[in-house]
Every structure is written in structure tokens, then in C-alpha cells.
Amino acid sequence: MAEEHIFVRGARNKAVSCFFIYTLVKLRLPIKVIFDIYFYDLLSHKNIYSGIYKTKDNSDKPKYYVLDMFPYPSGAGLHVGHPKGYIATDVVARMKMMQGYNVLHPMGWDAFGLPAENYALKNKVHPSVATEENIKTFKKQLGLLGLTYDWDREVNTTDPEYYKWTQWAFIQMFKRGLAFESYEPINWCPECKTGLANEDLENGLCERCGSVVVQKPMRQWVLKITDYAERLLNDIDKLDKWPTSIKEMQKNWIGKSEGATVKFSVISNEGEKSALEVFTTRPDTLFGATYCVIAPEHELIMNQESRIKNYDEVKNYVENAKKKTTLERTDLQKEKTGVEVKGIKAINPVNNEELPIFVADYVLGGYGTGAIMAVPAHDERDFEFAKKYNLPIKRVVAPHFVDPANPPHSDLPTTRRKTIHVIIRNPKDGKVLLLNWFTNLTPSRPHLHTLVLGGIEEGENLAVAAIREAQEETGYKNFKFLKEVDLEVHTEYYTEHKGQNRYAEIHIVELELEDEEREKIPESELKNHEPVWVEEKEVPEKLNVIDGPIIWGAYKNGYFAFTEDGVTVNSEFLNNLKTPEAKTKIIAWLEEQGVGKRKVQYKLRDWVFSRQRYWGEPIPLVNCGKCGWVSVPELELPLKLPEVKNYEPSGTGESPLANIEKWVNTICPVCGGPAKRETNTMPQWAGSCWYYLAYCMLGKEKGVRSKEKYKWDKEKINYWNPVDLYVGGAEHATRHLIYARFWHKFLFDIGVVANEEPFTRLQNVGLILAEDGRKMSKRWNNVINPNDMVDQFGADAMRLYEMFMGPFDQPCAWSTNGVVGTRRFLEKVWWLSEKVNDLEDNKTNEKTKLDTLLHQTIKKVTEDIEAMRYNTAISQLMILVNEMSKENQLFLTHYSLLLQLLAPFAPHVSEELWYELGNNESIFESVWPQCDNALAKSETFTLAIQINGKLRETIEVSADISEEEAKAQVLALPQIQKWLEDKEPKKIIYVKGKLISIVV
RNA sequence: GGUCCGAUGGUGGAACUGGUAUACACGCAGCACUUAAAAUGCUGUGCCGCAAGGCAUGUGGGUUCGAUUCCCACUCGGACCACCA
């Protein structure tokens, strides 16, 4: 009842505001007319809207479930940015309603959380009291906007009747081993005095309060979301109506990597053996491992005092690492540090090399096995560490290229040979000698430049080969060998001048020209290429072969960590295999030898599900000395949050609930013996994991009243789900949207929901920024309150503006001037009603220009709302209204169609005008207009005429003009003749319905 | 550093699978109504040029009869992730 009342008054008081009355008065209309316009339906039509926003669970109509991410009812109330998403779903809901769908569009409150609890701490009031107040404010604000929410289906996560089912799902997980107790060190926020999940961190800081988070080992409940990692990842591909950005973010967050574990044996100075297992995604580089690194938390250093020679040093390092905050540990500017663990060595299983073991905090305890094999040649972090501590770097992967300009011919055999590339420098002027290849030899590449290069002959060393090639190809006689560049490159290509496929194993040597003494270059060389001296800075540009940049880069900057795929070298039985094949082969070998196996690793961690705070769902478990952890019997649910005097968390890792002895001490539901309740509560994200199901569990049918408020009615749940359209902020990509997908998949597995994914289509709302381009915040004093906007311009103008301001999913700065614009538009629509002349209606069957525009508008608005391109839908409506304004009178049918198209955006004004036209039922009970394609089709179109790609003329032609006719008409035009200057057109391109392009 | 996205008038933005760049709105200017102002209506509004015309979609190249749209390189901005082996 209440909201119907608001609705009717909304139409009068808000959309048709005092401002409007003022206009009427100014126009000196008789007072009675003003009164009529303003109050008439309040007196007599109060009931025409009743019931249309009540959702029915049984209907012959197809269902449409449109959902908003429900808000946390904060004390600050809504600002103008919050309702953007709600307005958008409301537009869709209203259109779908008119299109004959049974629409569910509900709203609720995600009300557990720290702000309410902190408020309670400060003011000594129960969090539920403040929450209730805030909800009232929110509801009032939303009510002003004329949203279609069915408030009979309002949910609240803090309602015991609601969290009963949150607890129920937890118990199901517990029973299936998906919830387990853990003592791992976790993120601890000293300010909020609670443990946090990985998802609750922002750059190593607490997402709530911004405090520095520390690692603290403590007892906690953890949900095994990693069991679902593979399915959560794979099913992303099924979500074809989700934005790709969100899908990418989820993929990255789950972070699947495929690799292997490798067991290194560890041997102490005294000959004692143990093992060290590492995880690597590059088992193919095993021959290149030059040391191992373990995380400071690694068990190898615990209880090993006797074996580790420098135990004090190691212990000291580990202690320091523990003291570091997460922020310090992940600071990338920081240099890597570490300490060698002396007295023990790791044995590389593949070649029995003894490798030193380091402890360093660049290896994370919580990922993989907490230990790595370091391959500095092919990993940037290991490379950095190895450089710093002077550890050996052994290359085992060579970059591999296939020259795209001259790929090998598949019908020819390939000659493989060791090749030398020679960088020759003249010390006098610093120039570099390149070979310039003759164009007739390399027609596919007219300006080919290479280094001096050639094959290494049997028994030749690099220096000898380099000097020999340099002499032969350049004629200079005296060179000094400077160095070999530390890189081997493999390149495959086709030599045009020799007609062969080549596979070159390239070694790189630097020579210096000693003097200018020079012989004539042999004819055989000179017919292919000529040597040219090039300024050093021009080399990168000139050296235009596929392997040029990497070779020159290695020469200039020295060796770098080559982390890409390539070809394995220096690795015995793996030699000459490309990286993927090498991986397969080494994994097979490891498994055969029993020293390793294939392993898939995820970045996603298990979900730390305990909070040491008061305002959350109690975890429904009891601990019995005899039976261990036992779940609360389902019949006793909900396990209600007890009243407490002091909300202050102890900070010791116990929740405030621990102090309530009466509540804590209970009896074991299994053996009847004494037992203690779990005192941790659930995290804020728990309640939002299934709320979209709760809306479907609430429906109140006449005469059917269940004792339970929420009833797990599978029929109803399966009728409405999955959600057809889900709208909310992108910031939930890796939190709520992963948790909810996990929770839903679990519910699917236990057979209580029918589909595997909860949200069919997801749409992100772009943030509304303040007029100054910053985020709206009390801090900047730039918050705009929707209530003020509604008072000043009316709810419809505000709704319309938020939908018009830009693409829906993009951030956009607020502009109150923009609201003035949409307000003006609505007034134009209002005054158009004066021009409606129903007597003339339908008397003529002639198709008018307005018919065409109107039906084009129907098509565009329908498609645009469906695709959530509201800004262009509204601009089309504006075009239509501008056209209608030019007419002296309007047909009733035309004007009615306009109102129907406008209704989802501006429900108050449209409803009112609809009534003024003499309709007795709500505009939202009318049927959404259908586009008549025959009417939408234009009789003529503007043909553009281009000459040499430039627009020169446009002419209006009949829509069904033929190609020949069009060409003839165009060529006959004197303006066009002028451009052609008597020249014969080379080509005439005709694009139907668009243009003619003449090439002269 | 990685991944993704974006860059169009004074401003927010439009342009379907390559086909008339700047729709729609804001702002600005002029005119009408008014004693005046506001409101409203009409007209104009990318840049250079008297004009014919030329130049313009971050910068530089390429493909094409034709590129805001496709390809390559770069610059700037935003979002997310960030020592994940």
C-alpha cells in the first residue's frame, strides 16, 4: 500500500513538480484547469495501479528474473551514483512486464558487516538497531525513484530466518568435508582485530580500514573452494553473456598453472638424507637449475638445528621475514634477500648435481610446495637473485624463430648447421659493419641487412670461424677477437639465393677491426652482398631480420632471463625439443623415475571463513571432548546470535561471543556430553552467496502462510532461476561473484538447485563520479543526494539523465546541467499532449513520415533497452519528440506509442499522460509496441557520391533504385561531370542504400 | 612489471558486419516574446579560408576505391592483478 501511495504522489509531486505548477500559473491557465491536471487522479484513480508490482509465482507467462546487487545499508544513505544500476534494471523490468513476461525484480539488504558493528561499539546500541534505521532511509530514498521492487520479497541477511539457510549450507559443506579447521598463518588486521581472506586485501592492506595486514597463525574455519577451482575456471567459458573483462579477472584470480613437482633429495654434510619437493611450471629447464630456494616458513628449516651449520643466521632471517608485513614482503621495489642454508645440499635428480639451498622470502610459503628450483637463465626473479649473490646461470633454452619473411619451404629438406654471427666494430668511429644484401637475391625483402655471418666448419672454434668469415665477406684482414655474446639463438629460414631450408644454431661473437688493411673481396661473396659501415644507433633499425633485436639486445645489454618458449639445449636427452615437447618428455621421465609428477596449481586459496567479530552469522558447530567438532542439528537452526554486553573483539583471536558462557557451554548433540560452541562468525560475503535464491523462497500467496519465512521450495526456486540479468559493480568480480558461483555449484552438487551457474547474464554499472571528476565522497564534499535531484527536477528527469549520461558500463562525471536537459525533454513531451487530435485518428491510411520515424524508434528503443544501450535509446526518443514538435497535430495512436516507449524510463509522467489520454488501466499493463517493418522502411534515402574517396555530393533517391539507374543518375549530374573533367571513370563502386564511389 | 579496456568539438557522447565523422544532449552566440530578467521558441555552432576548397576521430606507418572502425609500432589515461616459480 505504502509504495502505491508514493507511486501516485510521485507522479504528481515529484515528476510534475512545483516548478511545473509554477509554469502553469505563469501561463495564466484558469485555476480549475491547473487543479484538474494536478490533482485529478489522486482523487479518483488511486487504485488503477494496485497489484501490478506484486510478483506471482505461478503464471502462464514466461519468467524474467532481473537482479540488482543488493546494497550494504550504510549510515551515509544513497548518493546519486548508487541508483544507476537500480534504475537500469527497473527500465528492463518495466519493458519486460509490458512485453508479457512474469518479472521478478526484488531488493534486499546485505546487512552484516563491520561498519554497523563499529557503530555499535562506539554508541553502545545493538547493530541491528542501526541497521534497521539505515534500511528505512534506503527504502525511502529508493521509493522516491519509482522502482518496481516487490517489497513483499525483501530479504535481509541479518534476519535469523534468513541466516538459518546460510548456516544450513555451511553444515552441508562441513558434513562433506568442504569446511575444515586450520591453523595456518592467515592475514590478520590488527585494526579490525579479525582474520581476513585473500580476497579482503587491497595491495596488502585491509580492504575495510586500510591498515597494514600481518601474518598470524590462528585457528580458523576454511572452505575448500579450491576443490571447485577447475570447475569455476572451466565454466567461465559457458558464461557467454558476461563481460569479458570480468571473466578475465576471474581466470587470473583462479590462476591455473600447469607444471610438475620435482623431488630433490637433500643430503647433509654428515650424509643424512631427506627430501625437498618443489613446484615448477618449467620442468623442461630442470638441467638449468643452479640452486634451490625455500620459503621462510618451510619445514626443512624447522627442527634441523643440528644439520644446519649457520642455524643462527638462518633463524635470524626467518624471524625477520615473519616480522615483515604483507606489504613489505610484496613491495616490488625491494631487492631480493636471502641466506644460504649451509650444511645441506639438494641433489638435482636429473644429473645428480649438488645445488646450494637458500631461504628467501621471494618464495611464498602458501603457494605450491613453498620451495622452488631456481633457473636463473629462464626466470626473472631467479635471475635477479643469482646476479645479486653471484650464483651460476646456466642456459638451457634457446630462443627459436621461424623467419616470417622467408619461411622454410615444406617440400624441401632442412640443413642444420652451427652458425656464427659476427658483430664487427671499428674502434675509431664506433661504427658497426653490416651486410647489405642485393635486392635481386632477396626480392621478398628489398632492404635486407644482416650481421656478417656464416657456417662454423668442422673443428673450428668460434673465434677462428668468426675471423675467417669476416675476412672472406668484408675483405678486411686484421681483426681482434673480443668476446662471445652469451646467447644461443635458433632460427629457421629459407635462403633465397641458395634455394635451401636452413636451421641455424647461431652463436654470436664480437670482433674489433685492428686496422684498415683490406684485400679485394672474393667475387663469390661480392655477388651476394656488400659490407656497409653503420652508426651504432642505426643498427636496430637496419638489422631487419627476425632474430636481429634479440641478438643485438643481448650484445648491448648482456644476458637477460629468457622466459619464453624456445628450444631446449645443454640438457642431454631433452636437447632440440621445443618447450612443450620437452615438458612432456621430462614429466614422463620424472614419473618413471618416481621423482616427480605432473601437477596443476591454482593461485586461488581456500576461503578463510572465520571472523573474530560479533556481527555475523554464528558458525553452527560445537566442539565435544569426545566427539570432536559436531554440527548443530538442522532442526535447531537458526542458531541465533546472542545478545551481548560488549561488542569489543578481544584481539586475541577470540570473538566477543567467547565471553558469553551461557551461550558457549552447551551439550553435544551426538553424545549429550558437555561441549563448547564455535565462537567465530562468518565473513560478510557469506550472506550474499545465495540471496538471489532467497527472493524466490519468500513469495506470499494468498491463503498460504508457512510458519517458516523462507522455505526451500525447489519448484519456486527452479521456476525463477537462473537469474536472467544481474547488474552491479565490477569491483565484485573476484569476491562476491566467485564466492556465489562456488556456493551455487555446491548447492547444485547436493541437488537443491537445478542449474550449475547462478547468473546467466551479467552487466556492469559504470561509476558516477562527482562533477569535479573525483569519486563522490564526504571527504571531498562533492556528494549529490538523489533526494535533492528528485525535489528539484523530478524522479523521471533524474532517471532519464542517469540513463542518458553515457554508456551504461562506463564511468562518467555527474552534471546537474544534464538533468536540466532531460527535464526540458519531459516538458516537451508533456506539451505535445496538447496537439493530440483523436478525431483525425485512423481516418487516413496514408503512411506519413512520422510513421516511419516512429517505427524506427520502436525498433531502436526495444533493441537498445535489451542491450542496455540506454543513452542511444533516449537520444532516439528525443529525435522523435523533436519531429513531433514540428507537427501541428498528432494522432492519438502516435502519441500513445511515444508514451509507451518512454514509460520504462519515465514511469510517472508517462503513466499520468497515459491516463489523460483516457486509458483506464496502467500504461504498464499495456502491450509493448511492435515495430511494423513495412512502416519503418523509408521511401527514399540519401545517396552519397564519392570521387576518389572524397564526398562530393549527396542526392535524394528512391529506396528501391537499381544500381544502373543510380549510376546513370549520378553520372548525369553536372556537378559530378565537373569533378570528372571529361576523364573516363576507372571504376564505379555501388553500395546499396548508401553510396556511389567513382575512381578516376 | 603483467592482463584487459579506452583516447572523437568547449563538455558528456553518437556512428550497425570498413561506406555521408561529430547524431542526441549540455554549453556558448544571435534573434523573437518581455519595461526587464527568467522561462520558452527559432537560428547558428569542429578548425583554416571572403570563397572555391582544404584540414580534422591521441601520434607515426600499413592494407583499401574508401579507415573512428582492420593490421603494426608508439604516447597518454583508466581498471584489475601483482615475487603465484
Side-chain angles (χ1 to χ4, degrees), chain A residues 19 22-23 26-27 202-204 243-253 255-257 259 278-282 285 293 329-332 334 336 360-364 366-375 378-382 384-385 563 601-605 730-731 733-734 764 766-767 801 804-807 809-822 824-825 827-828 831 860 863 869 871-879 881-882 885 941-954 985-1000:
Chain A
F19 187 45
Y22 179 73
T23 315
K26 270 295 192 195
L27 285 164
E202 251 169 33
N203 298 324
T244 36
S245 59
I246 300 290
K247 292 198 278 187
E248 278 307 309
M249 279 158 73
Q250 291 212 349
K251 280 182 188 172
N252 291 340
W253 191 266
K256 180 179 180 175
S257 18
V278 304
F279 171 72
T280 175
T281 54
R282 290 298 298 271
T285 60
V293 188
R329 272 191 74 162
T330 54
D331 183 2
L332 288 177
K334 180 196 79 169
K336 293 193 174 25
D361 64 3
Y362 83 89
V363 170
L364 307 173
Y367 183 76
T369 60
I372 61 155
M373 63 178 205
V375 186
H378 304 293
D379 182 282
E380 269 163 42
R381 295 146 303 182
D382 298 343
E384 192 193 320
F385 191 81
T563 55
Q601 185 68 44
Y602 301 93
K603 274 202 261 182
L604 183 74
R605 306 294 164 84
E731 68 274 16
T734 51
N764 289 130
L767 205 66
Y801 172 65
F804 182 61
M805 58 196 299
D809 56 354
Q810 264 174 48
C812 193
W814 178 264
S815 153
T816 300
N817 261 337
V819 193
V820 175
T822 50
R824 266 180 216 156
F825 166 71
E827 280 170 27
K828 261 192 204 174
W831 288 118
K860 181 148 182 67
E863 285 171 2
R869 289 188 300 256
N871 53 335
T872 49
I874 292 167
S875 104
Q876 183 67 30
L877 286 170
M878 286 171 168
I879 293 170
V881 168
N882 288 346
S885 304
F941 71 94
T942 315
L943 181 73
I945 305 161
Q946 291 184 347
I947 293 165
N948 286 339
K950 288 215 162 105
L951 180 76
R952 293 302 179 188
E953 204 65 49
T954 58
K986 270 190 210 149
K987 203 167 164 189
I988 301 179
I989 295 149
Y990 177 72
V991 182
K992 198 167 178 284
K994 296 267 192 230
L995 57 70
I996 277 186
S997 180
I998 304 170
V999 190
V1000 186

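In what follows, every chain begins at residue 1, and chains take the letters A, B, ... in the order their sequences are listed.
Taking CE of M805(A) as the reference point, atom CD1 of I874(A) lies at 11.5 Å (rounded to 0.5 Å). Separating the CZ atom in F804(A) from the OG1 atom in T822(A) is a distance of 8.5 Å, to the nearest 0.5 Å. Remark: Q250(A) CD to T734(A) OG1 distance equals 8.0 Å, nearest 0.5 Å.
Using N1 to N3 plus N6-O4 or O6-N4 for Watson-Crick, or N1-O2 and O6-N3 for G-U wobble, each under 3.5 Å, C24(B) pairs with G12(B). The partner of A39(B), taking Watson-Crick or G-U wobble pairs whose two distances both stay under 3.5 Å, does not exist in any strand shown. Searching all strands for a Watson-Crick or G-U wobble partner of U59(B) with both distances below 3.5 Å returns A73(B). A85(B): no Watson-Crick or G-U partner with both key distances under 3.5 Å is found in any strand. Nucleotide C65(B) has G19(B) as its partner under the Watson-Crick or G-U criteria, with both atom distances under 3.5 Å. Judged by Watson-Crick or G-U wobble contacts below 3.5 Å, the nucleotide C4(B) has G78(B) as its partner.
Nucleotides A79(B) and A73(B) are separated by 24 Å at their C1' atoms, to the nearest Å. Going from the C1' atom of C5(B) to that of G60(B) covers 22 Å, rounded to whole Å. Taking atom C1' on both G19(B) and A32(B), the two are 41 Å apart, rounded to the nearest angstrom. Comparing G2(B) with U8(B), their C1' atoms sit 29 Å apart, to the nearest whole Å. With C1' as the reference atom, C47(B) and U34(B) are 38 Å apart, rounded to whole Å. Distance noted for atom P between U69(B) and U20(B): 13 Å (whole Å). Using atom C1' as the reference point in both C74(B) and G53(B), the two lie 33 Å apart (nearest Å).
Between R824(A) and U40(B) there is a side-chain N or O to OP1 or OP2 distance below 4.0 Å. For R952(A), a side-chain nitrogen or oxygen approaches OP1 or OP2 of G54(B) to under 4.0 Å. Under 4.0 angstrom from either OP1 or OP2 of A85(B) there lies no side-chain N or O belonging to Y362(A). One finds no side-chain N or O of T734(A) lying less than 4.0 angstrom from the OP1 or OP2 phosphate oxygen of C80(B). Side-chain nitrogen and oxygen atoms of K603(A) include none within less than 4.0 Å of the OP1 or OP2 phosphate oxygen of G2(B). When the side-chain nitrogen and oxygen atoms of N252(A) are compared with OP1 and OP2 of C81(B), none of them lie within a distance under 4.0 Å.
The salt bridge (Lys or Arg N to Asp or Glu O under 4.0 Å) search around D379(A) returns R381(A), not counting sequence neighbours.
For the pair V820(A) and I998(A), both in contact range of RNA chain B, the more 5′-proximal nearest nucleotide belongs to V820(A). Mapping S245(A) and Y602(A) onto RNA chain B by nearest heavy atom places S245(A) closer to the 5' end of the strand.
Between the C1' atom of G13(B) and the CE atom of M805(A) lies a distance of 11 Å, rounded to the nearest Å. In this structure, the CD atom of E953(A) is 18 Å from the C1' atom of G66(B), given to the nearest Å. In this structure, the NZ atom of K828(A) is 7 Å from the P atom of C42(B), given to the nearest Å. Remark: C1' of G27(B) and OH of Y801(A) are 13 Å apart, rounded to the nearest angstrom.
Using bins of under 30°, 30° to 60° and over 60° for the plane-to-plane angle, the ring pair Y801(A)/W814(A) lands in the perpendicular bin.
Pairs passing the side chain to side chain donor-acceptor pair (under 3.5 Å) check and including a residue from residues 986-1000 of chain A, sequence neighbours excluded, do not occur.
Note on G255(A): nothing from the nucleic acid sits closer than 4.0 angstrom, heavy atoms only.
Taking every side-chain heavy atom of T281(A) into account, A85(B) is the closest of A85(B), C83(B), C55(B). You'll find that the side chain of C812(A) is closest to G12(B), out of G27(B), A82(B), G12(B). With A82(B), C83(B), A85(B) as the choices, the nucleotide that has an atom nearest any side-chain atom of W253(A) turns out to be A82(B).
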Each nucleotide of nucleotides 14-24 of chain B classed B (base within 4.0 Å of a protein heavy atom), S (only sugar-phosphate) or -, in 5' to 3' order, makes S-B--BB--BB
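In this structure G78(B) sits in the anti conformation; its chi angle is more than 90° from 0.
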